[in-house]
Amino acid sequence: MKHLLIVYHSKSGSTGKMAEAVFQGTQHPDIDIDVRMRQAHEADIDDLLWANGLILGTPENFGYMSGMMKDFLERTFYPAEGKVEGLPYCIFISAANDGTGALSSLRRICSGYPFKEVQEPIISRGEITAELLAQCEEFGLFMAAGIESAIF
Ligand SMILES: Cc1cc2nc3c(=O)[nH]c(=O)nc-3n(C[C@H](O)[C@H](O)[C@H](O)COP(=O)(O)O)c2cc1C
């Protein structure tokens, strides 16, 4: 069975709501895949090496990804060297009004592993709406389906 890892950080809950919806999307009855959801501070190299696909979720803080997400990447970068090349991944972001700094900083580091981005990111700006959560579910479903069928 294929493995999908969701790593996210959320301080005040918005990215957490998005992560929950992404996870729900991966739980489609027709898709047989093992999904692990981890907060960034608890995720480690074993989780990363277990994964056939990766979804990263972060708030934008000070025009960058969250410190906890950066910490996860700092802890895993060298241990993962040469072992995760081309790992399919995608990004979702919760921001107040921007999100582009979080996106570019994450992409830059992910290109160093190097992971392969396989889906357009979701950037939420402001309130978490039902429409956004539905979009997050589709985002999770797309990723799970792609990993299960190895189309990426
Ligand atoms: C310390 C701090 C810095 C922030 N910096 C930005 C920023 O640079 N750009 C932005 O759009 N939102 C910024 N925000 C707003 C958060 O990105 C936004 O509230 C987000 O939804 C929080 O996600 P969370 O509820 O998962 O923690 C900042 C919030 C905090 C607490």
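For the single chain, residues carry numbers from 1 onward in sequence order. Read the numbers this way: they start at 1 and go in the same order the structure lists the ligands and their atoms. Remember, it's a predicted structure, so these values are computed and weren't measured experimentally.
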For Asp98 against Arg125, the heavy-atom pair lying closest together: O-NE, 2.5 Å
Polar proximity ligand 1 side, His9 side, N/O cut 3.5 Å exclusive: no
Glu117 to Arg107 - nearest heavy-atom pair and separation: OE1-NE, 2.8 Å
Polar side-chain atom of Thr15 near backbone of Ser10 as donor-acceptor pair, under 3.5 Å: no
Atom 3 (C) of ligand 1: the protein heavy-atom neighbour that sits closest, reported with distance to 0.1 Å: Phe62 N, 3.4 Å
Sub-4.0 Å protein heavy atom near atom 25 (O) of ligand 1: yes
Parallel, tilted or perpendicular: ring planes of Trp50 versus His3, cut at 30 and 60 degrees: parallel
For the student: nearest non-hydrogen atoms of Asp34 and Met1, plus distance: N-SD, 3.5 Å
Pair Phe23 and Tyr8, ring centroids less than 6.0 Å apart: no
Closest protein heavy atom to atom 12 (N) of ligand 1, given as residue, atom name and distance to 0.1 Å: Ala96 N, 3.1 Å
Proximal ligand 1 atoms for Thr15, defined as those under 4.0 Å from one of its heavy atoms: 23 (O), 24 (P), 26 (O)
Contacting atoms of ligand 1, where contact means under 4.0 angstrom from a heavy atom of Ser12: 22 (C), 24 (P), 25 (O), 27 (O)
His9 side-chain N/O to Ser66 backbone N/O, donor-acceptor pair under 3.5 Å: no
Interfacing atoms of ligand 1 (cut-off 4.0 Å, heavy-atom, Asp98): 11 (O)
Proximal atoms of ligand 1 relative to Lys11 (non-hydrogen, under 4.0 Å): 24 (P), 26 (O), 27 (O)
Neighbour count >12 (heavy atoms, 6.0 Å) for atom NZ, Lys70: no
Atom 21 (O) of ligand 1 - nearest protein heavy atom and its distance: Ser94 OG, 2.5 Å
Within 6.0 Å of CD in Glu127, more than 12 heavy atoms from elsewhere: no
For Gly63, atoms of ligand 1 separated by under 4.0 Å from a heavy atom: 7 (C), 8 (O)
For atom 29 (C) of ligand 1, closest protein heavy-atom neighbour: Asn61 OD1, 3.6 Å
Ligand 1 atoms in contact with Pro59 (distance to a heavy atom under 4.0 Å): 22 (C), 23 (O), 27 (O)
Shortest protein contact, atom 16 (C) of ligand 1 (heavy atom only): Glu60 O, 3.5 Å
